[in-house]
Protein chains: 2
Amino acid sequence: MNKSEIKVISVLERVGGFASAQQLHQLLLRSGESIGLTSVYRALQSLVDDKIVDQLRKEDGEAIYRLCGEAHHHHLVCKSCGSTVEIEGSALEKWAKAMAEEHGYREVGHLAEVFGICPSC
Amino acid sequence: MNKSEIKVISVLERVGGFASAQQLHQLLLRSGESIGLTSVYRALQSLVDDKIVDQLRKEDGEAIYRLCGEAHHHHLVCKSCGSTVEIEGSALEKWAKAMAEEHGYREVGHLAEVFGICPSC
DNA sequence: AGCACAAATGAAAATGATTTTCATTTTCGT
DNA sequence: ACGAAAATGAAAATCATTTTCATTTGTGCT
């Protein structure tokens with residue numbers, strides 16, 4: 001965990017939700033931190049790899065990031081405003097496991113995302 | 001509905017699932033069609049606006065497209081050799097729908113991928 | 001057919017997020 | 001303090017996508 005990662009985590013804590021790399025960089029600069037955009041991207045990438053940060057995509061393809069508290073969960077993402085809700089995934093876990101077993105796959109993992117338009121949009 | 005849109009729809013039919021703009025363009029060229037990448041993007045955009053085509057984003061941010069109403073399916077992908085099996089997804093569909101309804105989301109879609117290591121690896 | 005005007009087309013340039021390169025600086029172990 | 005390794009960031013590169021703009025094609029009208 002290097003300095004950039006600590007700065008990025010602290011700004012993510014302050015934000016308390018999703019933000020893009022560029023937004024986070026701006027926020028850091030405005031709050032007096034000295035950090036390059038490159039380092040923000042690098043820190044985010046490494047935090048995502050370490051599963052400390054969740055990465056999603058807005059409809060326009062821009063990546064947005066947020067601290068992820070829990071171990072494994074799924075999101076319901078609004079296509080229009082990007083707001084997200086964490087959803088319960090035990091049915092999905094079971095399904096993924098069943099499908100994998102049926103075909104003899106080992107070391108199973110999965111990716112799933114549900115999207116739609118939220119009530120307020 | 002112009003020529004480009006017709007070409008794009010026909011190649012999407014042939015593909016029968018998701019594909020990126022660049023992939024679709026390559027496929028069209030290989031099958032002897034003459035069409036520019038620009039026109040593929042324009043046709044896709046207009047088909048998405050008309051709700052004839054669904055647009056999603058892969059994790060890397062690239063857009064992928066598929067005909068709306070195309071019976072979509074999911075894959076079980078081998079992490080080691082990359083081979084894929086189509087899997088049955090009705091349990092997943094139900095789950096996605098239930099989760100979305102529970103939170104009042106409309107126009108619901110989802111993405112799911114299961115990965116593991118296949119028997120022969 | 002011939003003409004005018006709108007729509008379509010695509011090559012090339014522009015855009016914008018993200019990644020890579022690379023030279024410099026900082027950190028750390030000895 | 002010294003040298004190796006890691007971190008940093010500015011600038012360049014990348015890559016999907018969009019925009020521009022000049023040219024071609026299609027359409028309606030006479």
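Numbered from 1 within each chain, the chains take letters A, B, ... in sequence-line order.
- Contact check, B:Asn2 against C:dA7: no side-chain N or O comes under 4.0 Å of OP1 or OP2.
- Judged by distance alone, the side chains of B:Gln22 and B:Tyr41 do bring a donor and an acceptor atom under 3.5 Å apart.
- Taking the nucleotide of DNA chain D with the nearest heavy atom to each of A:Ser39 and B:Ala63, the more 5' of the two is matched to A:Ser39.
- B:Arg42 contributes atom CZ, which lies 9.0 Å from atom CG of B:Asn2 (distance to the nearest 0.5 angstrom).
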Protein and nucleotides 26-28 of chain C: nitrogen or oxygen contacts under 3.5 angstrom:
from: C:dT27; atom 1: OP1; to: A:Lys3; atom 2: NZ; distance (Å): 2.7

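- What separates CG of A:Leu24 from P of C:dT18 is a distance of 11 Å, to the nearest Å.
- Residue B:Ser46 is classed as having no contact, given no heavy-atom separation below 4.0 Å to the nucleic acid.
- Atom NZ in B:Lys7 sits roughly 11 Å away from atom C1' in C:dA8 (whole-Å rounding).
- The shortest non-hydrogen separation linking A:Gly116 to B:Tyr105 is C-CD2, 3.8 Å.
- Qualifying side chain to side chain contact (heavy atoms under 4.5 Å, CB included) partners for B:Leu27, counting only residues two or more places apart in sequence or in other chains: B:Val11, B:Val15, B:Arg30.
- Atoms CD (B:Gln55) and C1' (D:dA16) sit 12 Å apart, rounded to a whole Å.
- Note: CG (A:Asp60) to C1' (D:dT18) measures 13 Å, nearest angstrom.
- Scanning both residues, A:Arg66 and A:Leu12, for their nearest heavy atoms gives CA-CD2, 4.1 Å.
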Study note, to complete from the structure: Expected string for nucleotides 10-15 of chain D under the B/S/- scheme (protein heavy atoms, under 4.0 Å, primed atoms plus P, OP1, OP2 as sugar-phosphate) is BB----

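- Residues A:Leu29 and A:Val40 are members of separate hydrophobic clusters, defined by side-chain heavy-atom contacts under 4.5 angstrom among Ile, Leu, Val, Met, Phe, Trp and Tyr.
- At a threshold of 4.0 angstrom between heavy atoms, the contacts of B:Ser4 are confined to the sugar-phosphate backbone, with no base atom among them.
- In this structure, A:His25 atom NE2 and C:dT19 atom C1' are separated by 15 Å, rounded to whole Å.
- Closest to the side chain of B:Tyr41, from the set C:dT19, D:dT18, D:dT8, is D:dT18.
- Spacing between atom CG of A:Leu44 and atom P of C:dA17 amounts to 15 Å, rounded to whole angstrom units.
- Rounded to an integer number of Å, the gap from A:Glu62 CD to C:dT15 C1' is 13 Å.
- Pairing each heavy atom of B:Leu47 with each of B:Val8, the nearest pair is CD1-CG1, 3.9 Å.
- Distances were taken from every side-chain heavy atom of B:Arg57 (C-beta onward) to each of D:dG9, D:dT17, C:dA17; the shortest belongs to D:dT17.
- As rounded to whole Å, 9 Å separates atom P of C:dA17 from atom NZ of A:Lys58.
- Contact detail for A:Tyr65 and A:Gln55: the closest heavy-atom pair is OH-NE2, 3.3 Å.
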Practice item. List the steps, then state whether side chain to side chain donor-acceptor pair (under 3.5 Å) holds for A:His74 with B:His110. Key: CA-CA 11 Å; A:His74 298 279; B:His110 62 266; over 6 Å; no

